[in-house]
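We number each residue from 1, following the sequence as shown.
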Amino acid sequence: MRPGTPLTLETFLDIVHPGDRKFVENTWRQALQGGPYDIEHRIVVSGVVKWVKERAEIEFDLQDRPVSALGTVQDITERKEAENRIRYLAYYDSLTGLPNRQSFMERLERELGRAKHQGYRLGVLFLDLDGFKSINDTLGHNVGDLILQWAAERMKYGIRPSDVLSRPGQDEEPEPEADLARLGGDEFTVLLPRIQQPEDALVVAHRVRDLMHRPFVIEGKELVLTASIGIAIFPDDGQDGADLLKNADTAMYHAKDEGRDNCQFYSASLTTRAMQRMSMETNLRLALDRREFSLHYQPQVDATDGRIHALEALIRWRHPQLGTIPPADFIPLAEEIGLIIPIGEWVLRTACADAATWRREDRPPVRVAVNLSPLQFKDPNLVKVVLGILHESGLPADLLELEITEGALMEDTDRTLATLDALNQAGVHIALDDFGTGYSSLSYLKRMPLSRLKVDRSFVRELPEASEDEAIVRAIIAMAGSLNFRVTAEGVETPNQAEHLLRLGCDSLQGYHFCTPRQPEEIPGLLDRIWVTQQPGDQTA
Ligand code: C2E
Ligand code: CA
Ligand code: CA
């Protein structure tokens, strides 16, 4: 064939197998060694693509250069198409066009390997339509098939990647596709190849379940179908694909037992946890609008004159059913779902407005201290927001102190410094909260325009007995002195602790021994109070 054409790898490639270079290169290498070679490839014959099997031999010229290939070509189109059909049947479900069990298991094992390697969680949902058998029995298999196809379409829609699963700041990589498969009958599975937490799988499961609720219309009659969904999570519920699928199946039966039309995790504790978390998340999203937050204020008492020099604003969340939820239980969730930004802004605005109403000419000014989450500190709008709120409340910048943690400072030094400088220039004070629990170095702190270190409660708790704690507090005070920062001790609960901390040289004290956090209405009554901070016989008194 093709007599007289000078042959090269490129022309060979063009002729036989565009798109599969490696395969062609191998055949070419073999062909160059002389002797017959076989290759199957596509050609276009009068506009129709045909598969051919070519058995040929390369002919060489006198200088041993390949010049042409000579052989026979056989049309194998029918055989190829049959093979493709078989491959399709082996991997796909012909009714819905979805991947079948075999192909699902292969993808599951592949994704499990990746999840193990990269330390991700992975979710397997097992879905079973409720009461499908009776549809088949009463309406016939044709209707049953149609419903399975419709259900599959809805599920596909329900598992699309969406903003539900990508949480701000955590996941820069695009989300891998979820995979829907039909195992057979009315059983479907969904693979969620990369999730942050079990609740993410529940979100998808609920979405699919809710989509099923919409009626199917068959011959003018509405038919409502529900699904029971079981969820297994890697690594919590199993290490390999077979186990995960089996456990998701078990969980699905559990969902049926619970009255169908619901979703269950394989492990019961995950179900409760996820439910609590989801309802907490829903409630938290509504809390601002429903005005469920309030602020309490805790005095910081000046060591020299026993007066309140600052009030720390501490957020409180009161939910009508759940009761009072402490900040330690909802701030981390608010940070995770990005709600800390609006919540933090509300705290700032409220604290500044309250502080502005407490000012009086005849009394030394009292500062308000506001806790900032590291996420707020990283927010490029922070300085603008703070200055805007100060302006609108009429509170002088000098009466606002922002409490940030060491963790917030450690990231991205240049940006941190720029933010701190801008706030400092405006007159706002910065305190380093929970000090001593992080890893700030002296050289690092030296560059920061800070006003105050707040000695973490853990170093105060066991004073005066614990000598290591005392040594740490002593070191913090010495360091703060040399850097010109003031020092406040937190969590002072006993007179003994207070006395000891004063002797070590703390500038101010905060804790239940002096005053618990109080509602704003109580604050004006506290502002003229003077606490005993000097020891009897102390010459400076
Ligand atoms: P924090 O900034 O270290 O606040 C001090 C915590 O210690 C407060 O707990 C306070 O009620 C408690 N406390 C005060 N005196 C004593 C004492 O003598 N003994 C003991 N055992 N505890 C004392 P709270 O109000 O539950 O707040 C916990 C944490 O939640 C705060 O720790 C702070 O990190 C965070 N937080 C509170 N309000 C806000 C806020 O508005 N925004 C942000 N981002 N975080 C906040
Ligand atoms: Ca604080
Ligand atoms: Ca603290």
Side-chain angles (χ1 to χ4, degrees), residues 294-316 327 347-372 389-390 393-404 427-435 450-457 460 473 477 480 485-536 538 540-541:
S294 63
L295 293 184
H296 281 196
Y297 293 91
Q298 187 178 34
Q300 293 175 23
V301 174
D302 191 299
T304 14
D305 61 10
R307 283 174 168 275
I308 296 180
H309 69 89
L311 292 156
E312 178 174 1
L314 295 161
I315 192 167
R316 299 290 176 259
V347 172
L348 256 174
R349 181 168 287 117
T350 311
C352 289
D354 284 347
T357 67
W358 295 329
R359 290 177 70 203
R360 259 191 13 215
E361 302 278 298
D362 59 340
R363 192 167 52 208
V366 172
R367 216 166 265 152
V368 68
V370 175
N371 291 288
L372 278 197
I389 286 175
L390 282 172
S393 66
L395 187 74
D398 177 49
L399 294 188
L400 174 63
E401 185 159 294
L402 298 176
E403 297 195 358
I404 57 180
V428 175
H429 296 245
I430 312 282
L432 208 45
D433 206 355
D434 307 338
F435 190 73
L450 303 174
S451 321
R452 179 179 303 279
L453 302 181
K454 297 189 76 180
V455 179
D456 190 65
R457 197 160 69 224
V460 172
V473 176
I477 292 171
F485 304 153
R486 319 228 81 202
V487 176
T488 298
E490 299 185 295
V492 183
E493 293 182 349
T494 68
N496 251 347
Q497 289 170 344
E499 192 185 310
H500 205 74
L501 289 160
L502 288 166
R503 201 157 339 113
L504 290 176
C506 277
D507 301 289
S508 94
L509 303 174
Q510 176 182 2
Y512 298 163
H513 168 62
F514 295 96
C515 191
T516 53
R518 298 296 174 88
Q519 302 193 353
E521 303 79 59
E522 297 180 55
I523 298 301
L526 288 172
L527 289 176
D528 289 319
R529 200 162 149 187
I530 295 178
W531 277 270
V532 180
T533 51
Q534 302 297 319
Q535 301 312 306
D538 194 326
T540 57

Check your understanding: Is there a side-chain contact between Thr488 and Leu509 (heavy atoms, below 4.5 Å)?
Key -> no
Check your understanding: Are any non-hydrogen side-chain atoms of Val370 and Val347 less than 4.5 angstrom apart?
Key -> yes
Exercise for review: Report yes if some heavy atom in the side chain of Val368 is under 4.5 Å from a heavy atom in the side chain of Tyr297; otherwise report no.
Suggested key: yes
Check your understanding: Side chains of Val366 and Trp358: does their closest heavy-atom pair fall under 4.5 Å?
Key -> no
**Study point:** Check: Gln298 side chain, Leu314 main-chain N or O, donor-acceptor pair, under 3.5 Å
**Key:** no
Check your understanding: How many angstroms lie between atom CG of Leu348 and atom CD1 of Ile389, to the nearest 0.5 angstrom?
Key -> 4.5 Å
**Study point:** Atom pair CG/CD1 of Asp354 and Ile523 - distance to nearest 0.5 Å
**Key:** 9.0 Å
Practice item. Give a yes or no on whether the backbone of Val460 and the side-chain of Gln497 come within a donor-acceptor separation of less than 3.5 Å. Key: yes
Check your understanding: How long is the gap from CG on Leu453 to CZ on Phe435, to the nearest 0.5 Å?
Key -> 5.0 Å
Practice item. Side-chain contact test, heavy atoms from C-beta onward, threshold under 4.5 Å: evaluate it for Arg529 versus Cys515 and give yes or no. Key: no
Point to revise | Pair Lys454 + Asp434, salt bridge at N-O below 4.0 Å | key: no
Point to revise | Any side-chain heavy-atom pair of Asp433 and Leu372 under 4.5 Å | key: no
Check your understanding: Which residue pairs pass the salt bridge (charged side-chain N to carboxylate O under 4.0 Å, His left out) test with at least one member in residues 508-521, sequence neighbours excluded?
Key -> Arg518-Glu522
**Study point:** Check: Tyr512 main-chain N/O paired with Thr516 side-chain donor or acceptor under 3.5 Å
**Key:** no
**Study point:** Close side-chain approach of His429 and Leu402, heavy atoms under 4.5 Å
**Key:** no
Practice item. May I ask you to decide if Asp302's main-chain N or O and Ser508's side chain share a donor-acceptor pair within less than 3.5 Å? Key: no
Point to revise | CG-CG distance between Leu390 and Asp398, expressed to the nearest 0.5 angstrom | key: 10.5 Å
Review point. Does atom CZ of Arg367 have more than 12 heavy-atom neighbours from other groups under 6.0 Å away?
Key: yes
Practice item. Any chance you could measure Ile477, atom CD1, to Leu504, atom CG, to the nearest 0.5 Å? Key: 5.0 Å
Exercise for review: Would you mind reporting whether Arg359 and Leu395 have side-chain heavy atoms less than 4.5 Å apart?
Suggested key: yes
Review point. Which heavy atom of Leu501 sits nearest a heavy atom of Ala489, and at what distance?
Key: CD1-CB, 3.7 Å
**Study point:** Leu527 CG to Arg360 CZ distance, which is reported to the nearest 0.5 Å
**Key:** 7.5 Å
